[in-house]
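Report on the structure given below.
First the proteins, then the strands, lettered A, B, ... as listed; each starts at 1. Any value given below was found using the heavy atoms of this structure, including those in side chains, with hydrogens, waters and symmetry copies removed.
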Amino acid sequence: MVFEIKARSAEGRARTGVLHTAHGDVETPVFMPVGTRGTVKAMAPCELEELGAEIILGNTYHLFLRPGMEIIGLAGGLHRFSGWPHPILTDSGGFQVFSLAGLRKIEADGVRFASHIDGTRFFLGPVESMRIQRTLGSDIVMAFDECTPFPAPYEQAEKSLAVTTRWETMSFEQELDPGQLRFAIVQGSVYRDLRIASARALAAIPFDGYAVGGLSVGEPEEQMFECLDWVVPELPEDKPHYLMGVGTPRQIVEGVARGIDMFDCVMPTRLARHGSAFVGAGRTIPIKAGRYAKDFTPIEEGCDCYACRNFSKAYIRHLMNVGEILGIRLVTIHNIHYFMRLMRRIRRAVAEGSLAELRREFA
RNA sequence: GGUGGGAUUCCCGAGUGGCCAAAGGGGGCAGACUGUAAAUCUGCUAGCUUCGCUUUCGGUGGUUCGAAUCCACCUCCCACCA
């Protein structure tokens, strides 16, 4: 059994569970820090462990380009190469079909990319993506999809979904190593019938988990929640549900309430590098602001992260303002800690039946 | 005491007669960031009754239709020479 549900919320679809992977168990709902290029930016694996991260992301497109599969293959896979012995989920490169839209051309069996680094042409499709993720040794392999841009006219979303469905079917047919789990990705933009059709088509294939993709790409938050309300009921209830690329603390709480078990987002790490620290019920403070120049209190009173236990806003602001990398590291530690603590609170709330209160707090 | 150089909007600094409220940095302020082309990017940064007007480029006076820019004197700073 890959996924065990341990507790269910009395109201709504929220649940807690454990996801078993080749490199260990993951308690859900879980937030997965993003480590695109084989590192969660600014964090050493030992720091991630201390922060309570159980599973992190890697990226097929980026790792394929650099350092390349030969090197990671020789290293014995991404876990050994990067010194992270715990679970890794790798994205298939489908997001880059969206984020690097100006550098690629979609074809029947995949995407022709021009490398964002030097323009080198290469092809990435379901066959290639599965092969790469097999070499990476990912615990959770994502099917190759096209993350549909927003806004997309219905016809475009429909066409995009047809391509994605085909690619995902192909993804399922590729061989992986024993122990590797494989997740499907529901698309369909913001159209109810497309979303439901996508969910049903994929649910008919025995993937190990089901993700909702193509959200948090610019659509209003309410539309994102609405999509979850359409899609999650169509997914196998006993399999993990993963909302890709989300999100803000509030979106995570709302996602859990709608039956999502897994989240990932660059938000805590990117915002940290850009000088925003998460506090309270999902607010951020601009740590570089002059008003903190003489503020010798921690980023968040009562936070027990390493940064808050030992350093003041004034000091961290100073580090950020002079460009010292420790500033970035401390804010990153704080933000990841914030998300990890949020997930612990969510899991406890679901188990204790108090998720409604948490939702009110983050509303 | 002599000679030369300099004083510019919060700071540094460009500008040497009209295209200058004045380049470019910095700092400050505000905003963005969601399966990472992001330790990144965007906007604002004299005032006002804001399609225009007023004050501003060390000080005072002058030349000119017009001066941050030219002239005279003054104040302060720097370099070198005594």
(message) Using only modelled atom types and a 3.5 angstrom limit, is any donor from either the side chain of A:T269 or the base of B:rU36 paired with an acceptor on the other?
(response) yes

(message) Under 5.5 Å centre to centre and under 30° between planes: does that hold for A:H274 and the six-membered base ring of B:rU40?
(response) yes

(request) Could you tell me which nucleotide pairs with B:rU56 by Watson-Crick or G-U wobble geometry, both distances under 3.5 Å, or answer none if nothing does? (result) none

(request) Check whether any side-chain nitrogen or oxygen of A:T36 sits under 4.0 Å from OP1 or OP2 of B:rG35, and answer yes or no. (result) no

(message) Taking only the P atom of each, what is the distance from B:rG6 to B:rG15 in whole angstrom?
(response) 11 Å

(message) Just the rounded figure in Å: distance from P of B:rG26 to CG of A:N321.
(response) 12 Å

(request) Measure from the side-chain heavy atoms of A:K41 and tell me the nearest of B:rU34, B:rG35, B:rU36. (result) B:rU36

(request) Under 4.0 Å between any heavy atoms, over every strand shown, what does A:L89 touch: base, sugar-phosphate, or nothing? Just pick one. (result) nothing

(message) I need the minimum non-hydrogen distance between A:F98 and A:C147, along with the two atoms involved.
(response) CB-O, 3.3 Å

(request) Check A:H86 against A:E54 and note the closest heavy-atom contact, atom names and distance. (result) CB-O, 3.7 Å

(request) Can you tell me, in whole Å, how much space there is between the C1' of B:rA67 and that of B:rC12? (result) 25 Å

(request) For B:rC44 and B:rC78, measure between their C1' atoms and round to the nearest Å. (result) 36 Å

(message) Once you apply a heavy-atom cut-off of 4.0 Å, does A:L215 come out as touching a base, just sugar-phosphate, or nothing?
(response) nothing

(message) What residues from residues 227-246 of chain A pass a heavy-atom cutoff of under 4.0 Å to RNA chain B?
(response) A:M244, A:G245, A:V246

(message) Under 4.0 Å, counting only non-hydrogen atoms across every strand here, what does A:Q96 touch: a base, just sugar-phosphate, or nothing?
(response) sugar-phosphate

(request) Could you measure between the two P atoms, the one in B:rA22 and the one in B:rA32, and give it in whole Å? (result) 29 Å

(request) Would you mind classifying the nucleic acid contact of A:I117 as base, sugar-phosphate or nothing, using non-hydrogen atoms under 4.0 angstrom? (result) nothing

(message) So if I apply the side chain to side chain donor-acceptor pair (under 3.5 Å) rule between A:D229 and each of A:R195, A:R192, A:R258, which one comes out positive?
(response) A:R258

(message) From CE of A:M262 over to P of B:rG35, roughly how many Å is that when rounded to an integer?
(response) 15 Å

(request) Using Watson-Crick or G-U wobble geometry with both distances below 3.5 Å, tell me the partner of B:rA82, or none. (result) none

(message) With no hydrogens and no angle check, just 3.5 Å: does a side-chain donor-acceptor pair link A:Y61 and A:H116?
(response) yes

(request) Specify the separation, in whole Å, of atom CG of A:D264 and atom C1' of B:rU34. (result) 9 Å

(request) For residues A:I140 and A:Q133, report the shortest heavy-atom separation together with the two atoms involved. (result) O-OE1, 4.4 Å

(message) Between A:R329 and A:E47 (salt bridge meaning N to carboxylate O under 4.0 Å), is one present in this structure?
(response) yes

(request) Using atom OH of A:Y61 as one end and atom C1' of B:rA37 as the other, report the distance to the nearest whole Å. (result) 7 Å

(message) Below 4.0 angstrom, which residues in residues 330-343 of chain A have at least one non-hydrogen atom near RNA chain B?
(response) none

(message) Applying a 4.0 Å non-hydrogen cut-off, can you work out what A:A289 is touching in the nucleic acid: base, sugar-phosphate, or nothing?
(response) sugar-phosphate

(request) Between B:rA39, B:rU36, B:rG35, spot the one nearest the side chain of A:C147, thanks. (result) B:rG35

(message) Whether A:D208 and A:K239 form a salt bridge (side-chain N of Lys/Arg under 4.0 Å from carboxylate O of Asp/Glu) is what I want to check.
(response) no

(message) Check the orientation of A:F183 and A:Y242. Use parallel for under 30°, tilted for 30 to 60°, and perpendicular for over 60°.
(response) perpendicular

(request) Under 4.0 Å between any heavy atoms, over every strand shown, what does A:R291 touch: base, sugar-phosphate, or nothing? Just pick one. (result) sugar-phosphate

(message) What's the gap between B:rA79 and B:rG26 when it is taken at their P atoms, as a whole Å value?
(response) 29 Å

(message) Can you tell me the base-pairing partner of B:rC70? Count Watson-Crick or G-U wobble geometry only, both distances below 3.5 Å, and say none if there is no partner.
(response) B:rG62

(message) If you compare every side-chain N and O of A:R270 against the phosphate oxygens of B:rU34 (OP1, OP2), does one of them come in below 4.0 Å?
(response) yes

(request) With heavy atoms under 4.0 Å as the rule, sort A:I328 into base, sugar-phosphate or nothing. (result) base

(request) Determine which nucleotide pairs with B:rG43, using a 3.5 Å limit on both distances of a Watson-Crick or G-U wobble pair. (result) B:rC29

(message) Pick the closest RNA chain B nucleotide for A:G323 and for A:S276 by heavy atoms, then say which residue is nearer the 5' end.
(response) A:S276

(request) Can you tell me the pairing partner of B:rC76 across any strand shown, Watson-Crick or G-U wobble, with both distances under 3.5 angstrom? (result) B:rG6

(request) Would you kindly give the CZ-to-P distance between A:F278 and B:rU34, to the nearest whole Å? (result) 12 Å

(message) Suppose you measure atom C1' in B:rC11 against the same atom in B:rU45; what distance do you get, rounded to whole Å?
(response) 13 Å

(request) In whole angstrom, give the distance that lies between atom CG of A:N59 and atom P of B:rU36. (result) 5 Å

(message) Using a heavy-atom cut-off of 4.0 Å across all strands, would you classify A:Q187 as base, sugar-phosphate, or nothing?
(response) base

(request) Grab the two heavy atoms, one from A:E234 and one from A:A199, that are nearest each other, plus how far apart they are. (result) CB-CB, 3.6 Å

(request) Measure the distance from CD1 on A:I285 to P on B:rG31 and round it to the nearest whole Å. (result) 13 Å

(message) For the residue pair A:R121 and A:F113, would you count it as a cation-pi contact if the rule is NZ or CZ under 6.0 angstrom from the ring centre and within 45 degrees of the ring axis?
(response) no

(message) Which heavy atom of A:R66 sits nearest to which heavy atom of A:R37, and what is that distance?
(response) NH2-NH1, 3.5 Å

(message) Using a heavy-atom cut-off of 4.0 Å across all strands, would you classify A:G290 as base, sugar-phosphate, or nothing?
(response) sugar-phosphate

(request) Scan A:G214 against the nucleic acid and name what it touches under 4.0 Å (heavy atoms): base, sugar-phosphate only, or nothing. (result) base

(request) For B:rC10 and B:rG47, measure between their P atoms and round to the nearest Å. (result) 10 Å

(message) Say we look at B:rG62 and B:rU56: how far apart would their P atoms be, to the nearest angstrom?
(response) 15 Å

(message) Closest-nucleotide mapping onto RNA chain B: is A:F98 or A:P286 further toward the 5' terminus? I mean the 5' end.
(response) A:P286

(message) Any base atoms under 4.0 Å from A:R317, or only sugar-phosphate, or nothing? Heavy atoms, all strands.
(response) sugar-phosphate

(message) Check this for me: does any side-chain nitrogen of one of A:R344 and A:E27 sit under 4.0 Å from a carboxylate oxygen of the other?
(response) no

(message) Could you check, using the six-membered ring where one of them is a Trp, whether A:F263 and A:F31 have ring centers closer than 6.0 angstrom?
(response) no

(request) Write down the distance between CZ (A:F95) and P (B:rG35), rounded to a whole number of angstrom. (result) 5 Å

